[in-house]
Amino acid sequence: MPQLDESLLTHLPPFSKLERRQLRTILDQASSRRYEPGTAIFEEDAPAERFYLLLDGYVRVVRVTPTGEQVTALHIPAGQLMGFAKAIGRQTYPATAITATESIALSWPMRLWETFAAEYEGFSTETYKTVGTRLGEINNRVVEISTLQVEQRVASALLRLIHQTGRKVPDGIEIDFPITRQDLSEMTATTLHTVSRLLSAWEKKGMVESRRKRIKVLDPRALAAISEARIE
DNA sequence: TCATTAAATCGGA
DNA sequence: TCCGATTTAATGA
């Protein structure tokens, strides 16, 4: 295991209030691993033995429905903690985490969670903030799926993606990892065909630009307009 | 309005 | 070239 540098953590919210010496202790207890795209970092219902910090890349959090379809709950960008089942009172992981890109993650044994929370200032408040944010997001999605029309759902899913994981490019914002129509349809409870048709239509209007596994939003405001209530 | 089915085409290893 | 991704059209709920 190569020596990890404290600067990896200093700017991340859960660790930002800590001293160099404390970061050293934390890093010395961490394992670091690199993952190929499409690898499961941890799986739904498996015993939650470790918690993770995504250092680089993007991770898709998916659940499998009783009928066997995958549902993408959310995407996690680099710099966030994941798999902290203990923090929400679970012994198993609530979902599967699959890398969307090549990724690097640190992990610690779950038994250290309490130690971290107790000893490191800001650690638990910051992580509870992310829990809250994610929960709110998932809640919104549940509401959206039952109340909005497909076009609105896909539009808001795209907006959420560029908001969380977008990368600014000269003429718009691009989703920073490979994403298929199928993925988008799983996030919005529709079919890849419908997503494909919507993207084509939006592309004609100059709102988005897409190629295989890449989507770029040129006109977020137009998307926002679609996502807002519009019953015709 | 949208899912489903079927078929054709595209694009990247 | 092969195979998954994507598009398009037709049909029915």
- Message: Can you classify the ring geometry of A:F116 versus A:W108 as parallel (below 30°), tilted (30 to 60°) or perpendicular (above 60°)?
- Response: perpendicular
- Value in whole Å for how far the P atom of C:dT6 lies from CG of A:L198: 14 Å
- Message: Set out, in order, the CA-CA distance, both residues' side-chain angles and the distance that settles side-chain contact (heavy atoms from CB on, under 4.5 Å) for A:L9 and A:L106, then state yes or no.
- Response: CA-CA 11 Å; A:L9 302 183; A:L106 298 181; 4.2 Å; yes
- Tell whether A:H193 reaches the base of C:dT8 with its side chain through a donor-acceptor pair below 3.5 angstrom. yes
- How long is the line joining CG of A:L148 and P of B:dT1, in whole Å? 14 Å
- Salt bridge between A:R34 and A:E36, side-chain N to carboxylate O under 4.0 Å? yes
- Task: Pick base, sugar-phosphate or nothing for A:S196, based on heavy-atom distances below 4.0 Å to the nucleic acid.
- Result: base
- Measure from CD on A:E36 to C1' on B:dA13 and round the result to the nearest Å. 15 Å
- State which of B:dA3, C:dT7, B:dT1 makes the closest approach to the side chain of A:T190. B:dA3
- Item | For atom CG of A:L199 and atom P of C:dA5, their distance in whole Å | 15 Å
- Nucleotide B:dT1, atom P - distance to CZ of A:R153 in whole Å: 13 Å
- Query: Can you tell me if the side-chain N/O atoms of A:T180 get under 4.0 Å from OP1 or OP2 in C:dA5?
  - Reply: no
- Counting only side-chain N and O atoms of A:R181, is one of them less than 4.0 Å from OP1 or OP2 of C:dT7? yes
- Task: Please answer whether the main-chain N or O of A:T180 pairs with a side-chain N or O of A:D183 as donor and acceptor at a distance below 3.5 Å.
- Result: yes
- Check every strand shown and say whether A:L192 touches a base, only sugar-phosphate, or nothing at a heavy-atom separation below 4.0 Å. base
- Task: By nearest nucleotide on DNA chain C, pick out whichever of A:R197 and A:K213 is the more 5' one.
- Result: A:K213
- Task: Could you state the atom-to-atom distance from CD1 of A:I145 to P of B:dT1 in whole Å?
- Result: 19 Å
- Hey, is A:R153 close enough to A:E144 for a salt bridge, meaning N to O under 4.0 Å? no
- Message: For B:dC2 and A:T191 - does any side-chain N or O of the residue sit under 4.0 Å from the phosphate oxygens OP1/OP2?
- Response: no
